[in-house]
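The structure under discussion appears below in the form of structure tokens.
Positions are given from 1 along the sequence. Every value quoted in this text rests on a predicted model; they were computed, and no experiment measured them. Atoms within each ligand, like the ligands themselves, are counted from 1 in listed order. Both backbone and side-chain heavy atoms feed into the values below; hydrogens, waters and symmetry mates do not.
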Amino acid sequence: MFETVLIANRGEIAVRIMRACKELGIKTVAVYSKADRDCLHVRLADDAICIGNSPSAESYLHVPSIITAAEIANVEAIHPGYGFLAEDAHFAEICESCRIKFIGPSPESITKMGNKSLAREMAKKAGVPIVPGSEGVVKDKNEALKVVEEIGYPVIVKASAGGGGRGMRIAHNDLAMATALTTAQSEAEAAFGSPDVYVEKYIEHPRHVEVQILAGNKGNIIHLGERDCTVQRRHQKLVEESPSPAISADVRKKICRMARRIAQEAGYVSAGTVEFLVDGRGNFYFIEMNTRVQVEHTVTEMVTGVDIIKEQLRIASGEELSIEQKGVRRRGAAIECRINAEDPDRGFMPQSGRVNLYIPPGGPNVRVDSHLYSGYTVPSFYDSLLAKVIAYGKNREEAITTMRRALDEMVIEGVPTTIPFLRRIIEDNRFARGDYRMNLVEELLE
Ligand code: MV4
């Protein structure tokens with residue numbers, strides 16, 4: 001196992017990774033921007049290095065500063081967490097050439113899966129169902145209309161270099177198709193530096209179901225079951241849970257098998273997540289694969305007892321996974337609420353300022369992953385995630401009861417948060433029945 005690891009991230013995920021390192025006897029090196037001197041991840045680390053100014057581009061995204069810090073601290077490996085440089089193939093490559101282990105998949109895997117159109121083709125080749133649509137990139141209106149002839153409206157135009165819902169446009173007819181195509185292309189060019197887009201049939205009211213996989217160094221790939229992340233607002237997940245309340249045992253088995261198959265086809269190594277859309281009839285379709293650890297990995301940890309970060313560290317250091325597929329037991333249900341410094345009454349506008357008082361929930365079956373403490377000042381430069389509250393129960397009903405209790409206990413004073421809005425979701429009857437679709441949040445806002 002590694003002796004020393006640098007964590008190229010901040011906030012709750014930096015804290016989470018340090019906890020795993022500590023339990024594995026690994027020394028941790030934190031990096032921080034000028035805005036983050038007083039952050040919890042700096043305090044918890046064995047060593048901490050300032051890497052630059054507050055804007056991410058001058059610190060957490062600034063590759064030369066991070067590599068320099070890694071050289072100075074003489075670390076063997078870098079854990080990128082999620083966001084920032086986690087899915088930057090170029091960064092992974094630079095780590096490799098500096099003989100620093102990037103804790104994640106190979107640069108080639110990141111590049112392959114980062115191209116969503118290519119990933120689609122790969123899934124298709126592996127025999128995994130994909131959403132009906134174009135074969136590869138669509139260049140112009142004529143090509144797009146040819147696809148529509150086969151699949152019909154509505155369709156959705158997606159950026160190849162996008163993902164997570166960024167750069168998507170829906171079209172219901174030929175006229176809208178023309179504008180959807182050109183706006184998606186120019187948005188993609190501006191946001192990702194590539195105008196490539198592809199076309200898919202628009203699935204109405206789908207659910208977002210994703211499968212956690214762990215791929216060892218010997219081609220051994222296991223899955224840890226699925227997560228349901230249907231409760232989203234503008235592609236930001238608010239609540240995630242495992243197992244999904246909306247799929248049958250039969251669909252679950254198939255979707256998990258398909259996730260493994262994609263990872264196998266791609267020669268994937270490390271932790272990853274395979275995303276699917278599930279329609280009202282239980283049909284499922286691959287949409288994309290994420291090559292990082294995700295915010296919501298915690299719900300999978302709660303129902304499987306597997307520490308996903310430790311497994312990532314084991315794989316990266318050349319060790320084998322600590323578990324085999326037949327040793328994975330999924331028990332009970334877990335729900336996660338993301339607590340953000342955002343004002344739901346003002347369009348979820350990000351908020352910053354001093355947290356005068358923080359009282360985290362506790363007690364049986366409650367896990368809180370957070371970098372908060374009373375007196376902490378939330379800076380305006382970064383993602384607004386403050387805490388993740390995860391409730392566990394023997395079944396979904398118990399998990400919901402525990403979540404309701406946990407959210408009632410939780411106090412964050414000084415900065416507006418999404419807690420009141422999350423309470424409404426957890427108390428909603430449709431949520432309780434598991435009978436909701438992608439528009440639950442919008443309906444609650446009206
Ligand atoms: C879709 C879709 C409908 N049809 N693709 C892609 C990334 C994910 N974050 C949302 N994505 C969607 N892709 C096709 N062909 C609808 C969504 C979508 C969504 C899906 C499930 C649950 C909530 C959602 C919220 C917005 C968009």
### Task
Dump the intermediate steps for salt bridge (charged side-chain N to carboxylate O under 4.0 Å, His left out) on K124 and E135, then the final yes or no.
CA-CA 10 Å; K124 191 177 174 188; E135 220 171 280; 3.6 Å; yes
### Option nearest atom 25 (C) of ligand 1 (shortest heavy-atom distance, choices H208, R233, Q232)
Q232
### Query
Purely on distance, is any nitrogen or oxygen of E275 under 3.5 Å from one on ligand 1?
no
#### Entry: salt bridge (charged side-chain N to carboxylate O under 4.0 Å, His left out): pairs with one or both residues in residues 258-277, sequence neighbours excluded
K125-E265
### Query
So, is T230 polar-close to ligand 1, with some N/O to N/O distance under 3.5 Å?
no
### Message
Before you tell me yes or no, could you show the steps for E296 and R338 under salt bridge (charged side-chain N to carboxylate O under 4.0 Å, His left out), namely the whole-Å CA-CA distance, both residues' side-chain angles and the distance that decides it to 0.1 Å?
### Response
CA-CA 9 Å; E296 61 271 24; R338 294 191 188 190; 2.9 Å; yes
#### Entry: Proximal candidate to atom 4 (N) of ligand 1 [heavy atom criterion; set V131, I203, I156]
I203
### Query
Under a 4.0 Å heavy-atom limit, does M168 contact ligand 1 with its side chain, its backbone, both, or neither?
side chain
### Query
Does E204 approach ligand 1 within less than 4.0 angstrom via side chain, backbone, both or neither, non-hydrogen atoms only?
neither
### Message
Tell me whether E288 has any N or O atom under 3.5 angstrom from an N or O of ligand 1.
### Response
no
#### Entry: Y382 side chain vs S54 backbone, donor-acceptor pair below 3.5 Å
yes
### Message
With heavy-atom distances below 4.0 Å as the criterion, list the atoms of ligand 1 near E200.
### Response
5 (N), 14 (C), 15 (N)
### Query
Can you find a side-chain donor-acceptor pair between Y82 and N290 that sits under 3.5 Å?
no
### Query
With a 4.5 Å heavy-atom cut-off, do Q236 and F348 have their side chains touching?
no
### Message
As an exercise, identify every atom of ligand 1 less than 4.0 angstrom from a heavy atom of P206.
### Response
16 (C), 20 (C), 21 (C), 22 (C)
### Within 45° cone and under 6.0 Å: R396 NZ/CZ vs F431 ring
yes
### Query
Just which atoms of ligand 1 are under 4.0 Å from any heavy atom in K201?
4 (N), 14 (C), 15 (N)
